[in-house]
Amino acid sequence: MADQDDLYVMRHSLAHILATAIQHQYPNAKFGVGPVVDNGFYYDIDLGDTKLSEDDFERLEQEMRKIIKADYPFERSEKPIDEAIAWAKDAKQPYKEELLNDLKRAGTTIAKELDAAELGTITNGEAAVEAVSFYTDGDFTDLCRGPHVQSTGKVGAFKLQRISGAYWRGNDKNPQMQRIYGIAFSTIEQLEKQLHLLEEARSRDHRKIGREMDLFVFSDRIGSGLPLFTPRGTVLREELSRFAESLRRDAGFDRVAIPHITKTELYKVSGHWDKFGDELFLVQSQETSDQFALKPMNCPHHNEIFASLPRSYRDLPIKYFETTTVYRDEKTGELGGLSRVRSITQDDSHAYCRRDQIEAVVAGLINDVHTLYTTLGMTLRARLSFRDDSNKYLGDPSLWNEAQETIRNLATTNELDYFEAAGEAAFYGPKIDFMATDALEREHQVATVQLDFVQPERFNLVYTADDGSEQRPVIVHCALLGSIERFLSVYIEHTAGRFPVWVAPEQVRIITVNQEDKTVAFAENIAAQAKELGLRLVVDNSNESVGKKIRAAELAKVPYTVVIGEKEMTSEQVNPRIRKDMVVNEGEQLCSVEEFLKTVANEAKARVSKTSLGAHEHADRK
RNA sequence: GCCGAUGUAGCUCAGCUGGUAGAGCAGCUGUUUUGUAAACAGCGGGUCGCAGGUUCGAGUCCUGUCAUCGGCUCCA
C-alpha cells in the first residue's frame with residue numbers, strides 16, 4: 001500500500017531528524033542505528049556518561065520541530081566504501097565505521113548473515129559492497145539506504161515516547177546504548193488515536209486489573225516471579241484449564257501425574273541440561289548425594305511413563321496430558337506480572353505416535369486449539385517455527401527437514417493462516433506456534449504444537465511394529481493455553497476483566513434494598529438456589545445505598561446484578577441488571593428467580609460469551 | 001543478567017531548596033432503612049521498601065541491597 005510506504009519513509013526520516021536534534025545538543029554523540037518500528041521509530045545513541053531521561057524529551061522535541069520548520073532537503077550522496085570508512089573515522093562514529101567495515105567485508109550488516117559469512121556459507125548472494133549512500137539533512141549526514149521524504153518539513157505528527165537501554169547490535173556482550181523511541185503518524189488525529197490506544201492498554205494492564213479485581217498478588221517474602229492466586233483468580237485458572245482439559249479428554253488423552261522434582265540426570269539425557277542448565281532451580285537431598293532439580297518441563301517425565309512398558313504399534317498413539325507447574329529460574333530483569341513468571345503452570349500433553357499417525361494427531365490438536373480460542377473470542381494466526389543454520393539444534397538434519405515438511409503440509413491441509421519463521425524452533429524440533437489477536441489488535445503467542453524426533457532417540461523410546469521390528473515413536477508436544485499464567489495475562493487484557501459468565505469469578509450479585517430480616521432471608525434463599533445450580537453468587541446486604549452497591553457491582557465487573565426489595569418479594573420476579581458490555585437479548589428482563597438462575601447456569605454451562613470484547617470506550621467511568 | 005526510572009496508609013497519590021507525615025477511596029463504628037453507578041458523621045491505620053552513612057536533625061542527601069516499571073538479551 002502506497003500509504004503504508006509513505007508512513008514508513010516518514011518515520012524513517014523522523015529517526016534522522018531525531019538524530020539531527022541529538023547531534024545539535026550533544027555534539028559528541030555516537031550514533032548506532034535508527035530504524036522504523038511498529039507505530040514509529042527509534043534511534044540508538046551512545047552519549048558516554050550522559051544519561052538522557054524522559055524529562056529531556058520536551059527539549060529534544062522542540063529541537064526536532066525547529067529542524068522540521070527549517071525544511072532542510074534530504075540530500076542523497078554516494079561515496080566509495082573506503083572513502084565512507086574514512087568519513088566515519090573522521091566523524092568519530094565508531095559504530096558507523098563498524099557497519100561500513102561489515103558492508104565492505106560481507107556485503108551485509110545483519111548479524112545472522114555475518115555469522116554465515118564467517119563460515120563461508122553466505123546464502124543471499126551479496127558480494128562485498130563497493131559504494132554506499134548517505135543522506136544529509138541540514139548539518140547532519142547519516143549512512144542510509146533511504147528513501148526519505150523530500151525535506152524535513154514533510155513529516156507528520158510525532159511524539160517521543162520512551163527511552164531505554166539497548167545492546168549494540170542486540171548482543172549482550174556489546175556496549176549498551178540509549179534507545180529513544182518515538183511514535184509517528186501522518187496526521188495529528190491518527191497520532192492521538194494511537195496515544196488513546198496506549199492509554200486504553202494501560203487501563204487494561206493485567207497487573208492493574210489483577211489488583212483491582214483481587215485475582216492475584218505477589219509477595220516480597222515469597223519472591224519475584226512467583227504469583228499467588230486469590231480465590232477469585234483461582235476460579236479463572238480452574239475454569240480455563242477445566243475447559244482445556246475437557247478438550248483433551250474428548251480427544252482421547254489420558255491424564256497422568258508426576259512429581260515436581262527429579263534427579264538432574266534426567267535432563268542430561270534429554271539435552272536440556274546443556275542448553276538450560278543455568279536456569280534450573282537445584283534441590284539437594286540431605287541424605288543422598290543425588291542432585292535434584294525442580295522440573296522445568298514435563299516431557300522427560302512423560303517419556304519415562306511411556307518407556308515403563310513394552311509398547312505395541314497397536315497401542316499407539318499413546319497420549320498423556322496434565323496441568324502442572326514447572327519452575328524456571330528466569331533472570332529477574334525478564335520477569336513481569338503474569339506474562340513472565342518463575343512458576344509456570346502448563347496444560348501440557350505428549351502424544352507418542354507412529355509416523356503414519358502424525359497427521360491425524362496434529363490435526364486433532366489444531367482442531368482443539370481452534371475450539372478453545374473461538375470460544376474465548378480470539379482469532380489465531382500460526383507461526384511455523386523452523387530451524388536456521390546455527391548449531392543450537394539437536395538431531396539429524398534430514399529428520400528436521402522431514403519434520404518441517406510435515407508441518408508445512410499440515411498447515412496447508414488444515415487451512416491455517418500461517419507464516420514461516422526460521423530460527424524460532426525448539427532445540428529438539430520444529431513447532432506450530434499459535435498467535436492470538438486480542439481486542440486491542442495485539443498479537444500474543446499462546447498455543448503450541450511441536451514435533452519431536454530427538455527425544456525418542458535420546459530416551460531410546462521404542463514400540464514393536466507389525467513386522468516385529470523395533471521402531472521409534474514420534475512425540476507431538478502440545479499446550480493449548482500454553483502457560484496458564486501467561487495466558488491469563490493475555491486474557492485479562494483481552495477482556496479488560498469483563499469475563500463471560502462461565503469464567504467470571506463472581507457471576508451474580510444480589511443487592512438488598514434494606515437490611516430487614518425478611519429481605520436478607522429472601523436473598524440468602526436465592527443464594528442457596530444458586531449454589532445448587534453451581535453458580536458463583538455473592539449477596540451484598542451491607543448498610544449502603546442501593547446506588548452505591550450497584551456501582552460497586554459494576555466496578556467489580558459482575559455480569560448479573562439483581563436488586564431485592566419489597567417489589568421482588570411480592571411479585572417473586574426479578575429484573576436482572578446486565579453488565580454494560582454484554583449483549584442483551586429481548587425478553588430477558590422480568591423473570592422469576594428460578595428462571596433467571598437457570599438461564600445464567602445454562603449460559604455458564606454452554607460457555608456462552610455475551611460480551612462484545614472490543615475496546616469499550618471506558619464504559620466503566622462516566 | 002544489562003541500561004534507565006521508581007518505591008510514602010489496603011489502593012491512587014501529595015509532601016517546595018533536609019526541621020520529625022497528609023488527602024481521597026477502601027476499612028471500622030454510629031446515624032439512616034435506602035430502588036438501579038458514590039447518604040451523613042466519627043474513628044482507626046504509616047519503623048516513608050530494607051540496611052548502613054552524612055548531619056544537631058533524613059521521607060527528603062550519599063552508598064549498598066531488595067522489589068517494581070520501561071526496554072535490551074533470553075525463553076525448553
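Reminder, nothing fancy here: chain letters follow the sequence lines and each chain counts from 1.
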Discussion item. Can you check the distance between B:rG64 and B:rC72, where both ends of the measurement are the P atom (answer in whole Å)?
Written reply: 26 Å
Discussion item. Rounded at 0.5 Å granularity, tell me how far OG1 in A:Thr323 sits from CG in A:Leu481.
Written reply: 8.0 Å
Item to complete: State whether A:Phe427 and A:Lys392 meet the cation-pi test: NZ (Lys) or CZ (Arg) under 6.0 Å from the six-membered ring centroid, and within 45° of the perpendicular axis.
Response: no
Practice prompt. Report yes if a side-chain nitrogen or oxygen of A:Arg486 is closer than 4.0 Å to either non-bridging phosphate oxygen (OP1 or OP2) of B:rC75; otherwise report no.
Written response: no
Discussion item. If I pick the P atom on B:rU68 and the same atom on B:rU8, what distance separates them, to the nearest angstrom?
Written reply: 14 Å
Fill in: Distance below 4.0 Å between A:Lys331 side-chain N/O and B:rC74 OP1 or OP2
no
Item to complete: Measure from the side chain of A:Lys431, starting at C-beta and using heavy atoms only, and say which of B:rA76, B:rC2, B:rU33 lies closest.
Response: B:rA76
Worksheet item: Is the shortest heavy-atom distance from the side chain of A:Tyr428 to the side chain of A:Arg458 under 4.5 Å?
Response: no
Practice prompt. Quick one: look up who B:rA21 pairs with, Watson-Crick or G-U, both distances under 3.5 Å, and put none if it's unpaired.
Written response: none
Worksheet item: For A:Asn514, which contact category applies under a 4.0 Å heavy-atom criterion: base, sugar-phosphate, or nothing?
Response: base
Fill in: Phosphate OP1/OP2 of B:rA67: any A:Ser224 side-chain N/O under 4.0 Å
yes
Fill in: Inter-nucleotide P distance (B:rC28, B:rU34), Å rounded
22 Å
Worksheet item: Would one find a side-chain N or O of A:Thr332 under 4.0 angstrom from OP1 or OP2 of B:rG1?
Response: yes
Discussion item. Ignoring hydrogens and geometry beyond distance, is the side chain of A:Asn543 in donor-acceptor contact with the base of B:rU33 at under 3.5 Å?
Written reply: no
Discussion item. Is the terminal nitrogen or CZ of A:Arg11 (NZ for Lys, CZ for Arg) located under 6.0 angstrom from the six-membered ring centre of A:Phe41 and within 45° of that ring's axis?
Written reply: no
Worksheet item: Across the strands shown, which category fits A:Gly170 at heavy-atom distances under 4.0 angstrom: base, sugar-phosphate, nothing?
Response: sugar-phosphate
Fill in: Centroid distance under 5.5 Å and plane angle under 30°, A:Tyr181 vs B:rG71
no
Fill in: Inter-nucleotide C1' distance (B:rC62, B:rG18), Å rounded
13 Å
Discussion item. Of the options B:rA76, B:rG4, B:rC2, whose atoms approach the side-chain atoms of A:Arg328 most closely?
Written reply: B:rA76
Response to the item:
From the candidates B:rU36, B:rA26, B:rA76, the one with an atom nearest any side-chain atom of A:Val563 is B:rU36
Worksheet item: With no angle test and no hydrogens, is the base of B:rG1 tied to the side chain of A:Tyr167 by a donor-acceptor pair under 3.5 Å?
Response: yes
Worksheet item: Mapping A:Arg340 and A:Gly547 onto RNA chain B by nearest heavy atom, which one lands closer to the 5' end?
Response: A:Gly547
Item to complete: Return no unless some side-chain N or O of A:Arg207 is found under 4.0 Å from OP1 or OP2 of B:rC69.
Response: yes
Worksheet item: C1' atom, B:rG57 versus B:rC66: distance in rounded Å?
Response: 27 Å
Worksheet item: For RNA chain B, whose closest nucleotide is more 5', that of A:Tyr327 or that of A:Arg211?
Response: A:Arg211
Worksheet item: Quick one: A:Ile163 CD1 to B:rG70 P, roughly how many Å, whole number?
Response: 16 Å
Discussion item. With a 4.0 Å limit, can you tell me whether A:Lys392 has a side-chain N or O closer than that to the phosphate oxygens OP1/OP2 of B:rC74?
Written reply: no
Worksheet item: Looking at B:rG1, does its base get a donor-acceptor pair with the side chain of A:Glu279 below 3.5 Å?
Response: no
Practice prompt. Could you measure between the two P atoms, the one in B:rC13 and the one in B:rG70, and give it in whole Å?
Written response: 14 Å
Item to complete: With P as the reference atom in both, quote the distance from B:rG59 to B:rA21 in angstrom, rounded to an integer.
Response: 9 Å
Discussion item. Tell me if the CG atom of A:Asn391 is crowded by more than 12 foreign heavy atoms within 6.0 Å.
Written reply: no
